[in-house]
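As the structure lists them, so they are numbered: ligands from 1, and atoms in each ligand from 1.
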Amino acid sequence: MHNHDEEKIFLDKITEEIKIEPKDWMPEQYRKTLIRQISQHAHSEIVGMLPEANWITRAPSLKRKATLIAKVQDEAGHGLYLYAAAETLNISRDEMIGQLHAGKAKYSSIFNYPTLSWADMGAIGWLVDGAAIMNQVPLCRCSYGPYARAMIRICKEESFHQRQGFEILLTLSKGTIAQRKMAQDSINRWWWPSIMMFGPNDDASPHTKQSMDWKIKRFSNDELRQKFIDVCAEQVKILGLTLPDEKLKWNDERSHYDFGEINWEEFWNVVNGNGPCNKERLAARVKAHEDGAWVREAASAYAEKRKARSEKAVA
Ligand code: BYC
């Protein structure tokens with residue numbers, strides 16, 4: 001078949017909402033875009049375990065500790081499904097992890113901020129997981145089959161994460177003055193970084209147009225950010241707390257909330273490796289990988305031994 005015919009079959013599938021599967025022909029740029037996005041997403045889940053893991057030993061009760069451990073474990077699981085989805089595009093997990101550890105691969109900017117109080121576990125659940133869900137629910141309809149299917153389970157778990165975060169903040173908001181203050185301080189610190197998670201404005205986003213044409217992305221960065229702001233502006237009222245944006249105001253004409261200017265200089269600084277915790281996060285991942293070398297060696301030796309044994313049994 002000529003490349004031209006293959007491309008037509010590919011584009012027809014996109015138009016007809018038929019999933020692209022690993023063995024189907026696909027444009028090289030489609031494959032590269034997916035590897036970039038899925039591996040960045042996988043790295044985000046794995047690095048994203050660090051800020052919350054910081055609070056497991058200091059959770060205020062056994063129930064909170066068990067819930068937080070389960071949430072952090074879910075994130076490890078999400079990372080693994082996503083690495084597996086990316087591997088179907090002909091890249092190895094070792095290569096992806098090598099890119100992360102060499103500082104060549106990106107992961108979500110949000111995980112380069114520190115977790116300073118217990119309330120941060122609430123704000124991460126409510127805002128960070130909330131932003132993640134807003135972005136990820138449409139990815140369940142992504143044109144690439146393995147990514148879309150991985151996202152279905154991930155979204156179910158993220159929605160539980162979001163609720164547990166909101167419930168932590170709700171409890172603090174009904175607590176002592178000090179607890180309310182801690183919750184408000186945490187929202188003040190996490191709000192702007194959370195809305196930066198959606199990426200640059202549409203006119204500064206080099207990948208959005210092509211990714212939307214290929215139905216990898218279903219909504220633009222700004223569309224999803226606006227939806228998220230509209231939801232949070234209402235939910236914060238239930239907490240009796242506020243979002244740190246003086247310009248946040250319902251606009252009847254647009255049927256959306258208006259909001260203040262995002263600090264894009266801060267965003268690009270963090271994306272480019274100069275956020276408050278970038279170096280610490282990467283060092284923690286590299287150390288974990290090196291400390292785990294013996295586990296990988298033992299698992300490979302065991303697999304070799306089993307293979308040799310079954311070959312001997314067949315012979
Ligand atoms: N942080 O053209 P654009 C989670 C980069 S984890 C860092 O708009 P695209 C969770 C972008 O990669 C949540 N970099 O790109 C885990 C591109 O760089 P390159 C993670 C960012 O791909 C634990 C450049 O900026 N979610 O849920 O069309 C606990 C231009 O951007 C960011 C995902 O990964 C950022 N925030 O759109 C709790 C979802 N934004 O590659 C929660 C999957 C942009 O050209 N990813 N960049 O050098 C996506 O949906 C899209 O990749 C994005 C960006 C919307 C993030």
Salt-bridge present ([X], [Y]; N to O < 4.0 Å):
X	Y	result
Lys215	Glu17	yes
Arg64	Glu167	yes
Asp185	Lys181	no

inquiry  = Among Glu157, Glu52, Gln164, which residue satisfies the side-chain hydrogen bond (donor to acceptor under 3.5 Å, both in side chains) criterion with Lys71?
reply    =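 Answer after filtering Glu157, Glu52, Gln164: Glu52.
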What do you reckon, does [X] have a nitrogen or oxygen under 3.5 Å from a nitrogen or oxygen of ligand 1?
X	result
Val128	no
Asn221	yes
Gln136	yes
Lys106	yes
Met197	yes
Ser211	no
His207	yes
Lys71	no

ask   = By the rule that ILVMFWY residues connect when side-chain heavy atoms come within less than 4.5 angstrom, directly or transitively, which residues belong alongside Trp294?
value =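 Besides Trp294, the cluster holds Val295.
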Top protein contact for [atom], by heavy-atom distance:
atom	answer
atom 3 (P) of ligand 1	Ser205 OG, 3.4 Å
atom 56 (C) of ligand 1	Gln40 NE2, 3.8 Å
atom 7 (C) of ligand 1	Tyr107 O, 3.3 Å
atom 41 (O) of ligand 1	Arg36 CD, 3.0 Å
atom 27 (O) of ligand 1	Ala132 CB, 3.1 Å

Between [X] and [Y], which heavy-atom pair has the shortest distance, and what is it?
X	Y	answer
Arg225	Ile195	NH1-O, 2.9 Å
Gly273	Asn278	CA-ND2, 3.1 Å
Leu248	Ala233	CD2-CB, 4.0 Å
Arg189	Pro114	NH1-O, 4.1 Å

Contact atoms of ligand 1, heavy-atom distance to [X] under 4.0 Å:
X	value
Val271	7 (C), 14 (N)
Asp129	38 (C), 42 (C)
Glu75	23 (C), 29 (C), 38 (C)
Met196	36 (N)
Tyr147	43 (C)

task = Ignoring hydrogens, tell whether any protein atom lies closer than 4.0 Å to atom 53 (C) of ligand 1; use the non-hydrogen atoms only.
result =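 For atom 53 (C) of ligand 1 the answer is no, since every protein heavy atom stays at 4.0 Å or beyond.
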query = To which of Cys142, Pro200, Gly199 does the heavy atom nearest atom 31 (O) of ligand 1 belong?
reply =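 Selected option, by shortest heavy-atom distance: Pro200.
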Of the listed options Asp222, Ile216, Leu139, Asn135, closest to atom 50 (O) of ligand 1 (non-hydrogen atoms) =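 Selected option, by shortest heavy-atom distance: Asn135.
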Counting only heavy atoms closer than 4.0 Å, does ligand 1 sit against the backbone of [X], its side chain, both, or neither?
X	result
Phe267	side chain
Lys217	side chain
Phe111	side chain

Residues His256 and Asp230: side-chain donor-acceptor under 3.5 angstrom =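 Asp230 and His256 do have a side-chain donor-acceptor pair below 3.5 Å.
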key: ILVMFWY cluster, Trp190 and Trp264 together (side-chain gap under 4.5 Å)   =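 Per the 4.5 Å side-chain linkage, Trp190 and Trp264 are co-clustered.
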Contact with ligand 1 for Met49, non-hydrogen, under 4.0 angstrom =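 It does not; every heavy atom stays at 4.0 Å or beyond.
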query = At a 4.0 Å cut-off, with the gap strictly under it, does some heavy atom of Phe219 reach an atom of ligand 1?
reply =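 No, Phe219 has no heavy atoms under 4.0 Å from ligand 1.
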List the atom pairs, donor and acceptor, that lie under 3.5 Å between side-chain atoms in residues 26-42 and the rest of the protein, sequence neighbours left out.
| residue | atom | partner | partner atom | Å |
| --- | --- | --- | --- | --- |
| Glu28 | OE1 | Arg31 | NE | 3.3 |
| Glu28 | OE2 | Arg31 | NE | 3.4 |
| Glu28 | OE2 | Arg31 | NH2 | 2.7 |
| Tyr30 | OH | Ser143 | OG | 2.8 |
| Tyr30 | OH | Tyr144 | N | 3.4 |
| Arg31 | NH1 | Leu89 | O | 2.6 |
| Thr33 | OG1 | Gln29 | O | 2.8 |
| Gln37 | NE2 | Tyr147 | OH | 3.4 |
| Ser39 | OG | Ile35 | O | 2.6 |
| Ser39 | OG | Arg36 | O | 3.4 |
| His41 | ND1 | Tyr147 | OH | 2.9 |
| His41 | NE2 | Gln136 | OE1 | 2.7 |

